Amino acid sequence: SQTIHQWPATLVQPVGSPLSLECTVEGTSNPNLYWYRQAAGRGLQLLFYSVGIGQISSEVPQNLSASRPQDRQFILSSKKLLLSDSGFYLCAWSRKGAEAFFGQGTRLTVV
Amino acid sequence: QKEVEQDPGPLSVPEGAIVSLNCTYSNSAFQYFMWYRQYSRKGPELLMYTYSSGNKEDGRFTAQVDKSSKYISLFIRDSQPSDSATYLCALTRGGILTGGGNKLTFGTGTQLKVEL
């Protein structure tokens, strides 16, 4: 069976510090991978998606970037965090043309 | 106008009630429809996935899709306190995609509370 791992679960970072969130998927190959951010009352906002190694598409201009160094690894990064980057970040995967499965999320607080 | 509209609630029902959760959408290009359940501070969990008009049943859950009206519903029978969560509808154009991935468009979620 397939599983998705996302860490850390919670993170408190000062403004201006770097960020690296990691997500890995097991039990499947060549998945589509996604990073979402969830704000209260606003649903899930798609930040980045990837259909293959090194292929990243950005949905929203922002202070974040994503990378996919390996087939089942997806990383969300920032060089300098802003207060507005606080939120609940979710990684997800899907097979081509099918439903998505989510990790447990990382709650990021920028102070 | 948002692509997907969902009443945020909160919706409070007594245990054992039938719950109806709904979403409307504006773009007829959406072909695949999902319902997710999300407990507080957790990732969304897939409940139902369907791609055609009509009903799909799984235990106490029934997903209903009406493409002509652009309206989707999730029914929960014999609701339990453990069903208390936020329910998110998600839609996608789906299919075998290349550059577009399989992007989901989410509703804002309906908060449900089932009381004893």
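Small disclaimer: the values here were computed from a predicted structure and weren't measured. In what follows, chains carry the letters A, B, and so on, assigned in the order in which the sequence lines appear, proteins first and then strands, with residues in each chain numbered from 1.
In this structure, CG in B/L104 is found 6.5 Å from OH in A/Y34, a value given to the nearest 0.5 Å. Here the straight-line distance linking atom OH of A/Y36 with atom CZ of B/F106 works out to 5.0 Å at 0.5 Å rounding. The line from CG of B/L88 to CG of A/L44 is 6.0 Å long, rounded to the nearest 0.5 Å. The CZ atom of A/F101 sits 10.5 Å away from atom CD of B/E45, with the distance rounded to the nearest 0.5 Å.
Of the two parts of B/Q38, only the side chain, counted from C-beta on, holds a non-hydrogen atom closer than 4.5 Å to a non-hydrogen atom of chain A. When heavy atoms are compared at a cutoff of 4.5 Å, A/L90 approaches chain B solely by way of its side chain, counted from C-beta outward. Contacts of A/Q38 with chain B are made by side-chain atoms alone, with heavy-atom separations under 4.5 Å and no backbone atom involved. Heavy-atom distances place no part of B/Y51 under 4.5 Å from chain A, backbone and side chain included. Contacts between B/P8 and chain A at a heavy-atom distance below 4.5 Å are absent for every atom of the residue.
Linking ILVMFWY side-chain heavy atoms closer than 4.5 Å, directly or via other members, places B/M48 and B/M34 in two distinct hydrophobic clusters. Linking ILVMFWY residues whenever their side-chain heavy atoms come closer than 4.5 Å, directly or via other members, places B/L46 and A/V25 in the same cluster. In the hydrophobic cluster analysis, where Ile, Leu, Val, Met, Phe, Trp and Tyr join through side-chain heavy atoms closer than 4.5 angstrom, B/I72 is grouped apart from B/F75. Taking hydrophobic clusters as Ile, Leu, Val, Met, Phe, Trp and Tyr residues chained together by side-chain heavy-atom distances below 4.5 Å, A/L64 shares a cluster with A/W35. Placement of B/Y25 and B/Y71 in two distinct hydrophobic clusters is found when ILVMFWY residues are connected by side-chain heavy-atom separations under 4.5 Å, directly or transitively.
Considering all non-hydrogen atoms of both residues, B/Y49 and A/E99 come closest at CE2-OE1, 3.3 Å.
Within 6.0 Å of NZ on B/K67 lie more than 12 heavy atoms contributed by other residues, nucleotides or ligands. In the displayed structure, B/R60 atom CZ is contacted under 6.0 Å by more than 12 heavy atoms of other residues, nucleotides or ligands.
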